There are 2 protein chains.
Amino acid sequence: MTWHGENPRSPRDEGADLLLLDQQICFSLNAASRAFGGVYRTALKDLGLTYPQYLVMLVLWEDGAVPVKQLGERLRLDSGTLSPLLKRLEAAGLVTRARCPEDERSVIVAATAAGRELREGALAVPRRILAAAGLPLDDLRALRELLTRVTANLDAAGA
Amino acid sequence: MTWHGENPRSPRDEGADLLLLDQQICFSLNAASRAFGGVYRTALKDLGLTYPQYLVMLVLWEDGAVPVKQLGERLRLDSGTLSPLLKRLEAAGLVTRARCPEDERSVIVAATAAGRELREGALAVPRRILAAAGLPLDDLRALRELLTRVTANLDAAGA
DNA sequence: CACAATTCAATTGCGCACAACTCAATCGGC
DNA sequence: GCCGATTGAGTTGTGCGCAATTGAATTGTG
């Protein structure tokens, strides 16, 4: 045996095995992310939220008022994404944006009364998502663990 | 013991464990996907490809000429995404698009000579990505396995 | 105090993702 | 052969994601 994998290839294609594995990992990650997106889209439709907007609301429900900067750190998003998103949430009457008096550079985001009321309807969403995912809790925990580690590694490598 | 988890909560917050897990899973999935995207962005910069364009080229390198429809099934993308993407690849001189003679509705996509030459440079990419991911092969396989299963479940639930 | 460097939000430009729609080609039943 | 239904690409509109830039507020240093 000149080859050592289960997928024998010509010498000219050395590395093609890795290329395949790579494709499967990254592609399946992408596909999974979009598949979750699809389920969230329908689950959040009644609330009038997109998934990133839902994430923002989750932070606001948990933390109260937070500056845009902090929101970005929590969600791994920059102002280029958050500014228009927050503008839309503001237009929908769900959040307020106000310059911080102590530091006029930063903008404080907070949920309005309507935004806080939305939490009620949002409580049903996660159970629906978990049911759709259809994996046992242990697997989901393992998945989360792996994802967290790989993200940390990738961010470190990219820095 | 009234509770059964490691994270006891008040009765009003029943299910909050699940809720939190859901948030962590979906968020970390999203974050991981974007973290991979960032590493790919830099790795593919020299080739002048984006990550979705790279996925398309992978299919073409592997399969030769394929109709747009088939491309969409493989990559889980629809014509609304593929049409402009393929247009850009065509403008870059990497692929050709031609109506299928047997069925004038479908369009056959194939790599040009320049597109095929790009494969040479692309062979170095996966190793770089895997290194950045920094997980042992077994973990990556486990990750891929979980992602594939969860995507299949989500797609089935969404249908 | 003055002034250069830094920080934070917003904006611009480009590409992806998806829903909704259009339109031509094809297929099916009759 | 004819006509309605279906199929495959493409287009439009909206929103996310990110790089690069702008501009105002703040901080640090001489």
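Bear in mind that the values here come from a model prediction, so they are computed numbers and not experimental data. By convention in this document, chain letters (A, B, ...) are assigned in the order of the sequence lines, proteins followed by strands, and residues within each chain are numbered from 1.
Taking the nucleotide of DNA chain D with the nearest heavy atom to each of A/D78 and B/P84, the more 5' of the two is matched to B/P84. Along DNA chain D, the nucleotide nearest to A/S79 and the one nearest to A/D103 differ in position, and the one closer to the 5' end is contacted by A/S79. Remark on DNA chain C: of its neighbouring residues B/G80 and A/Q70, the 5'-side contact belongs to A/Q70, judged by nearest-heavy-atom nucleotide. When the nearest nucleotides of DNA chain C are assigned to B/L77 and A/R99 by heavy-atom distance, the more 5′-ward of the two goes with A/R99.
Separating the NZ atom of A/K45 from the P atom of C/dA19 is a distance of 9 Å, rounded to the nearest angstrom. Counting to the nearest Å, the C1' atom of D/dG15 and the CG atom of A/L44 are 14 Å from each other. Distance, A/K69 NZ to D/dA25 P: 19 Å, rounded to whole Å. In this structure, B/L89 atom CG and D/dA9 atom C1' are separated by 16 Å, rounded to whole Å. The distance from atom CG of B/L85 to atom P of C/dA17 is 8 Å, rounded to the nearest whole Å. Rounded to whole angstrom, the span from the CG atom of B/L75 across to the P atom of C/dG15 amounts to 19 Å. Atom P of nucleotide D/dC18 and atom CG of A/D155 are separated by 10 Å, given to the nearest angstrom. Note: CG (B/L55) to P (C/dG15) measures 17 Å, nearest angstrom.
Between the A/R116 side chain and the A/A111 main chain, a donor and an acceptor come within less than 3.5 Å of each other.
Summarising the geometry, atom CG belonging to B/L47 is positioned 5.0 Å from atom CG belonging to B/L118; distances are rounded to the nearest 0.5 Å. In this structure, OG1 on A/T151 lies 6.5 Å from CG on A/D155, to the nearest 0.5 angstrom.
Across C/dA9, D/dG17, C/dA17, the shortest atom-to-atom separation from the side chain of A/S106 is found for C/dA9. The A/E104 side chain lies nearest to D/dA25 when the options are D/dA25, C/dC18, D/dC18. Side-chain proximity of A/V107 to the nucleotides C/dA10, D/dT11, D/dG15 is greatest for C/dA10. Out of C/dA17, C/dG15, C/dA9, the shortest distance to the side chain of B/T50 is found at C/dG15.
Between A/W61 and A/Y54, the ring-plane angle classifies as perpendicular under the 30° and 60° cut-offs.
Among the atoms of the strands shown, none is found under 4.0 Å from any heavy atom of A/L82. As judged by a 4.0 angstrom heavy-atom cut-off over every strand, B/E102 is placed among residues touching the sugar-phosphate backbone only.
Taking all atoms of both residues into account, the shortest heavy-atom contact from B/L75 to A/F27 is O-CE1, 3.6 Å.
OP1 or OP2 of D/dG10 sits under 4.0 Å from a side-chain N or O of B/S83. Within the structure, a side-chain polar atom (N or O) of B/K87 is placed less than 4.0 Å from OP1 or OP2 of D/dT11. Contact annotation: A/R97 does not reach the phosphate of C/dA9 (side-chain N/O to OP1 or OP2, under 4.0 Å).
A donor N or O paired with an acceptor N or O is found under 3.5 Å between the base of D/dT7 and the side-chain atoms of B/R105.
Between A/T96 and A/V109 the shortest side-chain heavy-atom distance does not fall below 4.5 Å.
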